[in-house]
Q: 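One structure, as structure tokens, below. Some questions next.
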Amino acid sequence: MTTDTDAPRPQGGDHRELRLVVLLLALVVGLLITAATVYLARVHPTLAEPLGVGAAVMSALTAVAGLVARIIRR
């Protein structure tokens with residue numbers, strides 16, 4: 001069995017633009033969720049402090065976005 005060493009290998013960066021668009025879309029959705037959470041906490045102050053809730057949600061979304069970006073790079 002022979003192998004052709006001159007055959008082009010598939011590149012991992014073929015869908016780089018699509019990956020970037022998906023990541024940016026996920027970040028926009030995350031910002032919308034954060035804004036909705038802060039608004040809800042402001043309307044119902046007994047739920048939590050608005051900035052504390054926003055910071056907690058945003059930090060969780062940032063961690064998820066970082067994890068997704070790391071998985072996409074591999």
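Just so you know, these numbers come straight off a predicted model, no measurement behind them.
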Q: Kindly compute the distance separating CG (Leu25) from CG (Leu20), expressed to the nearest 0.5 Å.
A: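 It comes to 11.0 Å.
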Q: Should Val28 and Leu24 be marked as a side chain to side chain contact (heavy atoms under 4.5 Å, CB included) after you check the CA-CA gap, both sets of side-chain angles, and the distance that decides it?
A: CA-CA 6 Å; Val28 167; Leu24 288 176; 5.6 Å; no
Q: Identify all side-chain donor-acceptor contacts of residues 62-73 below 3.5 Å with residues at least two apart in sequence or on another chain.
A:
| unit_1 | atom_1 | unit_2 | atom_2 | d |
| --- | --- | --- | --- | --- |
| Thr62 | OG1 | Met58 | O | 2.7 |

Q: Which residues end up grouped with Val21 if you chain together Ile, Leu, Val, Met, Phe, Trp and Tyr wherever their side-chain heavy atoms are less than 4.5 Å apart?
A: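 Joined to Val21, directly or through intermediates: none.
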Q: Would you mind listing the cluster partners of Leu23? Hydrophobic ones only (ILVMFWY), side-chain contacts under 4.5 Å, chaining allowed.
A: none
